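Since the structure comes first, as structure tokens, the remarks are kept for the end.
Quick caveat: nothing in here was measured; it's all calculated off a predicted structure. Values below: all heavy atoms of this structure, side chains included; hydrogens, waters and symmetry mates excluded.
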Amino acid sequence: MECKNAYLQGIMDKVIAKNPAEPEFHQAVKEVLQSFEPVIEKHPEYVEAGIIDRIVEPERVIMFRVPWVDDNGKVQVNRGFRVQFNSAIGPYKGGLRFHPSVNLGVIKFLGFEQIFKNSLTGLPMGGGKGGSDFDPKGKSDGEVMRFCQSFMTELFRHIGPDTDVPAGDMGVGAREIGYMYGQYKRLRNEFTGTLTGKGLTYGGSLVRKEATGYGCCYFTQEMLNAKGDSFEGKTVVISGSGNVAIYAAEKAQQLGAKVVALSDSNGYIYDKEGIKLDTVKKIKEVERKRIKEYVNYHQNAEYHEGSSGIWTIPCDIALPCATQNELDGEAAKTLVKNGCIAVAEGANMPSTPEAIEVFLNNGVLFGPAKAANAGGVAVSGLEMSQNSLRYSWSFEEVDEKLKNIMKNIYKNTSEAAKEYGHENNFVVGANIAGFLKVAETMLAHGVAY
Ligand code: NDP
Ligand code: 2IT
């Protein structure tokens, strides 16, 4: 790398030296540091106070053993993580990911990005992330429950409604949150809002399930509106078929677009007449099966093995909503060649640095994850507010607040990009806009963390 500024390059070198074998973390830090050159020119006081040197180091990392007993009576051992990255502007906040690919570097990249994303929402939330290398796929409900109870039996002592508030991420949905919340309540003997994404019968918020996907479309709509365009009549390709992908598809359809493809880690479906979401919800949310089942219900649809092929489908708008680095430079070139005008990241860091460069160099409207997928954590913040109030807002009220938050994120991101000399580069805009509030707060607190 390749930070033109020697001070920033020095920080990057140190991050790489101190955190070997964490490529995703390096990637996330590098992207942010590359945005900061105009910030340190304008704010030498941040350099003086070591704000950036501090922000790349987590405040606390918790790593623990998670033993559980499978359905055959065999003892299994997984590794649990919670990275409490930054609490300057509020309690640590961020999801838990259960996926076999989880390791410390993955959780650190997610926790690091969460700092800026949460700041962008305008709500008082610090950044954190956690999870485990546990794979919920193919496990019985009983196995998932025993794993979640064991995971929470360690995690509970590190979290709390004003300390650290976890939520879902890949592999963690309503079922897992329910099991973890039950165990938390049992251990603490307290009914608090310590997790978000809870069920509606015990303190969950309406629209939380839909929030990330809906928010991603609201952000995309803002980018399009600024160019006098909209979702109406557009063809949309969405990767993944989990929580974020399904509700991004639902909102895109409601806004008048035709969603023609979805995927999972095995392959993708293409339905040129438009994906029927009722079928997808039945397969994914009720039966927990693979997306290829879709073609058994809709004979005109096609299934193709291999998930990256989804980017070869011609579309106007692409929403990567599966996982990190799922869209590379070649895929980006293909999207551009096929006429794609907008890309918004529902997933965290789904586009490689090469892909982002292709989008920015070709005038594609590009909504980076920290801005485009902040709707999920924003509604988590609203769930915390409702829990504190001992009250629940209606679907329409929460949806309206979400829309306004996404509008503000777009406004702050695009204005910061312009102010710092990178007009229309929302990567730089989101990194700077998210950073400023945290930096000001860290400055105000002195060298406390
Ligand atoms: P889910 O577990 O509900 O869904 C993940 C989806 O991505 C599944 O369809 C999964 O397929 C697919 N997938 C995983 N790995 C790959 C791969 N290598 N190639 C193609 N598809 C793959 O998770 P979410 O929908 O909650 O999360 C998706 C992304 O959105 C993640 O990056 C997450 O961090 C991010 N995000 C989530 C938020 C939330 O509120 N849930 C908020 C903000 C961001 P398979 O079944 O084969 O694994
Ligand atoms: O990446 C994310 O923003 C999330 N997984 C949601 C975090 C949250 O606390 O709702």
Side-chain angles (χ1 to χ4, degrees), residues 210 212-221 223-224 227 229-285 287 289-323 326-328 330-347 350-351 355 358-359 362 364-367 372-373:
E210 295 84 357
T212 313
Y214 278 22
C216 183
C217 288
Y218 293 149
F219 188 89
T220 308
Q221 197 179 22
M223 294 199 296
L224 293 166
K227 300 277 174 212
D229 209 341
S230 76
F231 266 103
E232 192 64 47
K234 298 290 191 296
T235 298
V236 181
V237 164
I238 302 179
S239 63
S241 50
N243 173 262
V244 179
I246 290 174
Y247 292 94
E250 183 166 284
K251 185 50 71 179
Q253 289 181 348
Q254 287 171 7
L255 294 171
K258 185 158 82 170
V259 179
V260 295
L262 288 173
S263 63
D264 61 23
S265 56
N266 295 114
Y268 67 94
I269 53 163
Y270 176 46
D271 186 341
K272 60 178 183 313
E273 289 156 21
I275 299 274
K276 280 51 163 201
L277 270 186
D278 286 348
T279 310
V280 174
K281 287 183 185 176
K282 176 171 151 15
I283 295 167
K284 297 303 301 178
E285 296 186 332
E287 297 169 355
K289 288 191 177 156
R290 311 300 299 159
I291 198 63
K292 72 174 173 202
E293 299 284 328
Y294 182 90
V295 297
N296 298 335
Y297 296 88
H298 303 287
Q299 265 72 42
N300 291 331
E302 300 165 15
Y303 174 73
H304 299 270
E305 281 292 332
S307 34
S308 59
I310 195 168
W311 308 120
T312 63
I313 300 171
C315 64
D316 304 302
I317 298 169
L319 306 176
C321 295
T323 193
E326 56 163 314
L327 199 171
D328 64 14
E330 282 310 306
K333 282 184 199 156
T334 307
L335 282 167
V336 169
K337 184 166 64 75
N338 288 338
C340 177
I341 57 163
V343 176
E345 298 184 318
S351 313
V358 171
F359 294 138
N362 286 278
V364 174
L365 296 169
F366 180 71
N373 74 33

Pairwise distance [atom1]([X]) to [atom2]([Y]) - rounded to 0.5 angstrom:
X      : Y      : atom1 : atom2 : value
Cys217 : Ile238 : SG    : CD1   : 6.0 Å
Ile269 : Ile291 : CD1   : CD1   : 4.0 Å
Asn296 : Ile283 : CG    : CD1   : 7.5 Å
Thr220 : Phe366 : OG1   : CZ    : 11.0 Å
Asn300 : Tyr270 : CG    : OH    : 11.5 Å
Glu293 : Thr279 : CD    : OG1   : 11.5 Å

Please tabulate, for side-chain N and O atoms in residues 308-321, each donor-acceptor pair with protein atoms closer than 3.5 Å (sequence neighbours left out).
from	atom 1	to	atom 2	distance (Å)
Trp311	NE1	Glu326	O	3.3
Thr312	OG1	Gly309	O	2.6
Asp316	OD2	Thr235	N	2.7

query: Can Tyr297 and Lys276 be counted as having a side-chain donor-acceptor contact under 3.5 angstrom?
result: no
Give a yes or no answer on whether the side chain of [X] reaches the backbone of [Y] with a donor-acceptor pair at less than 3.5 Å.
X      : Y      : value
Lys258 : Lys272 : yes
Glu250 : Leu277 : no
Asn243 : Ile246 : no
Ser307 : Gly267 : no
Asn373 : Ala347 : yes

- prompt: What is the ring orientation for Tyr294 with His298, classed by angle as parallel under 30°, tilted 30 to 60°, or perpendicular over 60°?
  reply: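 Tilted.
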Contact summary for [X] and [Y], nearest pair of heavy atoms:
X      : Y      : answer
Ala355 : Leu327 : CB-O, 3.4 Å
Val295 : Glu302 : CG1-C, 3.7 Å
Gly367 : Phe219 : CA-CE2, 3.7 Å
Leu365 : Met223 : CD1-O, 3.7 Å
Leu262 : Gly240 : CD2-O, 3.5 Å
Val358 : Lys333 : CG1-N, 3.9 Å

field: Flag side-chain contact, heavy atom, 4.5 Å: Val237 against Leu335
entry: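 In short, these two side chains do not touch, never coming nearer than 4.5 Å.
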- prompt: Is Phe231 close to Lys251 at the side-chain level, that is, under 4.5 Å between some pair of heavy atoms?
  reply: no
query: Who are the side chain to side chain donor-acceptor pair (under 3.5 Å) partners of Asn266, not counting sequence neighbours?
result: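 Only Arg290 meet the side chain to side chain donor-acceptor pair (under 3.5 Å) criterion with Asn266.
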task: Would you please name every residue forming a side chain to side chain donor-acceptor pair (under 3.5 Å) with Lys234, sequence neighbours left out?
output: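 Checked Lys234 against side chain to side chain donor-acceptor pair (under 3.5 Å); matches are Asp229.
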